Amino acid sequence: MLLSILTVLLLSVCSQAFYLPGVAPTSYHPGDEVSLFVNHVTPTMRYQDDETKHYMYSYGYYNRRFHFCVPEGGKKKQSESLGSIVFGDRIFNSPFDLKMLENTTCNVMCKSTVPKRDASFFSKTIRAGFQYNWLIDGLPVARQMLDSKTQTSFYSSGFNLGYVDDLNVAHPYNHFSLYVEYHLRSDGNYRVVGVTVMPESRVQADDSAADCSSEDSLPVSFSEDGDSTITYTYSTFWVPSDTVWATRWDKYLHVYDPKIQWFSLINFAIIVVVLSTILVNILLRTLKSDISKYNEVNLDDDSLDEMGWKLISGDVFRPPSNPMILSVILGSGTQILLMALITCGFALLGLLSPSNRGSLSTAMFILYAVLGLPGSYVSGYVYKFFQGEDWRTNMILTPVLVPGVIFTVFVFLNFFLVFAKSSGAVPFGTMVAIIAIWFVVSVPLSCLGSLLAIKAKPIQLPCKVNQIPRQIFPQPWYMRTPFLSLVAGIFPFGAIAIEMYFIYNSLWYSRIYYMFGFLFFCFVLMLITTLLVTLLIVYLNLCNENYKWQWQSLFLGGGISYYIFAHAIILSKFKLGGFISVMMYVGYSLLLAVGVGLMCGTVGFLGSMAFVVTIYRQIKVE
Ligand SMILES: *[C@@H]1O[C@H](CO)[C@@H](O)[C@H](O)[C@H]1NC(C)=O
């Protein structure tokens with residue numbers, strides 16, 4: 001108990017360092033223009049309301065059907081990083097005119113006319129809980145919220161397009177009160193440290209000047225027949241704040257109920273540590289006595305029956321079926337695993353901050369391309385361990401097979417987005433850029449990795465492989481790989497389950513993800529659990545004289561993917577809005593499950609390989 005409290009304290013101190021301010025601050029002087037940029041309109045998760053359907057794709061802000069106000073001189077796209085484009089950001093300028101320290105009230109942006117058919121689209125997006133995503137000085141425009149459990153206020157990025165009243169009528173917001181918090185530094189510079197909005201829906205009379213103050217204004221409704229007119233207005237208030245620039249993200253990065261999370265995780269960690277200590281102890285002790293017994297008993301050939309795993313020393317290094325495919329999969333698994341670990345490490349060090357949009361996804365993409373080198377190395381090395389001869393095919397298949405499948409699924413899903421006129425569809429130019437990076441960076445590095453693996457010294461097999469394969473007894477159902485991998489998957493999934501909720505939130509609803517300390521911790525825990533469970537089951541199987549551990553260890557480690565996929569499907573509560581949302585959701589959940597499965601399967605295999613080589617080195621075989 002004391003230990004867990006201490007750990008909580010320690011970790012919460014560390015968590016202060018989990019995100020860093022990142023990019024260089026912008027200083028303003030009174031009267032300087034502060035731009036407001038508009039990003040895509042995204043769906044949100046609405047947990048309280050079970051009636052609404054969830055949509056899985058976003059729309060561009062200037063999608064024609066919304067009829068939002070366009071800036072004078074037309075919309076202009078802001079430049080973005082590759083990762084930010086792939087993950088859906090579409091940032092444009094806006095007609096807002098904000099000047100540092102100049103309060104304004106009731107500026108009229110434009111009068112927009114929404115025809116009947118677009119009104120039904122607009123009202124559908126309001127009902128589904130779609131959100132505005134605006135940015136001022138890199139900060140998302142947020143709603144101020146109160147966490148009912150901890151009674152702390154925090155900023156929730158983005159705000160709804162409108163609201164649905166008690167009579168189930170949708171009203172779009174058309175008046176925005178922006179509260180921009182600034183910090184006056186001792187050197188006389190002003191910095192933006194927070195932006196909140198109070199959106200309202202109010203009818204404006206056609207003839208007189210816009211009025212944004214009257215209390216009893218009616219909300220805007222879409223006209224049943226014919227066009228609806230919406231007048232968009234805004235007010236700006238500049239509010240002094242004590243928050244310094246370096247900590248301006250703190251209020252945005254609010255964790256719901258942090259205590260419960262940490263506690264459950266730490267409890268889980270303690271269970272893992274205790275279990276693994278016991279496990280490693282037993283394993284070591286059994287192995288030690290096994291080995292010493294074997295080395296003694298070997299002199300008189302009496303009790304060879306009890307030997308279990310030692311009996312199969314002549315078969316345990318027999319190459320598995322399809323050694324090529326297995327080694328290629330392991331290479332790709334290594335690539336994804338290293339990418340995840342290094343990205344998480346970078347994020348931990350604060351190199352990828354939330355204010356640098358898309359830095360995380362860009363880093364992931366670049367890392368994935370570069371890590372083709374170690375990936376191919378592992379692929380080639382394992383292939384050699386399987387006594388494979390056809391290294392040319394291995395060299396070509398490794399950078400092509402798994403990434404090719406991932407890319408094909410990605411392109412396939414992209415077609416649905418294009419069809420839905422979603423802004424999330426990745427533009428053709430970006431696709432070409434991705435393919436170009438692939439062929440210019442990743443493929444050559446992969447080939448280099450393969451060549452290094454060919455040059456590398458192969459593992460000395462401790463036992464020779466017999467000419468004739470030994471017969472494996474028919475295994476009972478509970479010792480077969482499908483069942484075992486289901487069992488093995490539960491444990492690592494336990495480590496990552498809490499985290500998945502946050503990952504989905506940032507994946508689907510463009511929430512900022514920042515708890516990298518937490519993620520890293522869960523991730524490492526997941527890998528350790530995978531390794532231990534796989535080793536245990538592989539050992540039991542070897543004792544059972546089943547020497548086919550190679551594919552089995554991959555599937556044992558990869559067992560987590562069933563749970564990740566099932567969990568994702570259950571989380572959606574089967575309330576997805578339309579066929580395209582279903583396709584997107586299932587497609588990306590599948591990709592995620594397979595990706596995590598590949599990582600864990602690789603850990604399972606490489607761990608088992610080291611384990612098997614080590615234990616068979618200890619016994620004398622003549
Ligand atoms: C602008 O409005 C805010 C909020 O009402 C107020 O605190 C601030 O003093 C105003 N600033 C100026 C320059 O009037």
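Just so we're clear, the structure is a prediction, and the values are computed from it rather than from any experiment. Both counts, for ligands and for their atoms, begin at 1 and track the order of listing. Residues take their numbers from the sequence shown, with the count starting at 1.
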(message) Evaluate Y61 against F92 for ring pair (Phe, Tyr, Trp, His ring centres under 6.0 Å), listing each step before the verdict.
(response) CA-CA 8 Å; Y61 183 83; F92 290 92; 8.4 Å; no
(message) So, taking the atom named CG in N414 and the one named CE in M584, what distance separates them when rounded to the nearest 0.5 Å?
(response) 7.5 Å
Between the protein and ligand 1, which nitrogen or oxygen pairs come in under 3.5 Å, and how far apart is each?
unit_1: ligand 1; atom_1: 2 (O); unit_2: N103; atom_2: ND2; d: 2.3
unit_1: ligand 1; atom_1: 11 (N); unit_2: N103; atom_2: ND2; d: 2.9
unit_1: ligand 1; atom_1: 14 (O); unit_2: N103; atom_2: ND2; d: 3.4

(request) Using the test side-chain hydrogen bond (donor to acceptor under 3.5 Å, both in side chains), find all partners of E80 that sit at least two apart in sequence or belong to another chain. (result) S84
Let me have the donor-acceptor pairs involving side chains of residues 63-76, under 3.5 Å, with sequence neighbours excluded, atom names and distances please.
unit_1: N63; atom_1: OD1; unit_2: R65; atom_2: N; d: 3.1
unit_1: H67; atom_1: ND1; unit_2: T113; atom_2: O; d: 3.4
unit_1: H67; atom_1: NE2; unit_2: R64; atom_2: O; d: 3.2
unit_1: H67; atom_1: NE2; unit_2: D118; atom_2: OD2; d: 2.7

(request) Give a yes or no on whether the backbone of G60 and the side-chain of S423 come within a donor-acceptor separation of less than 3.5 Å. (result) yes
(request) Only counting residues at least two apart or in another chain, list the ones meeting salt bridge (Lys or Arg N to Asp or Glu O under 4.0 Å) with R191. (result) none
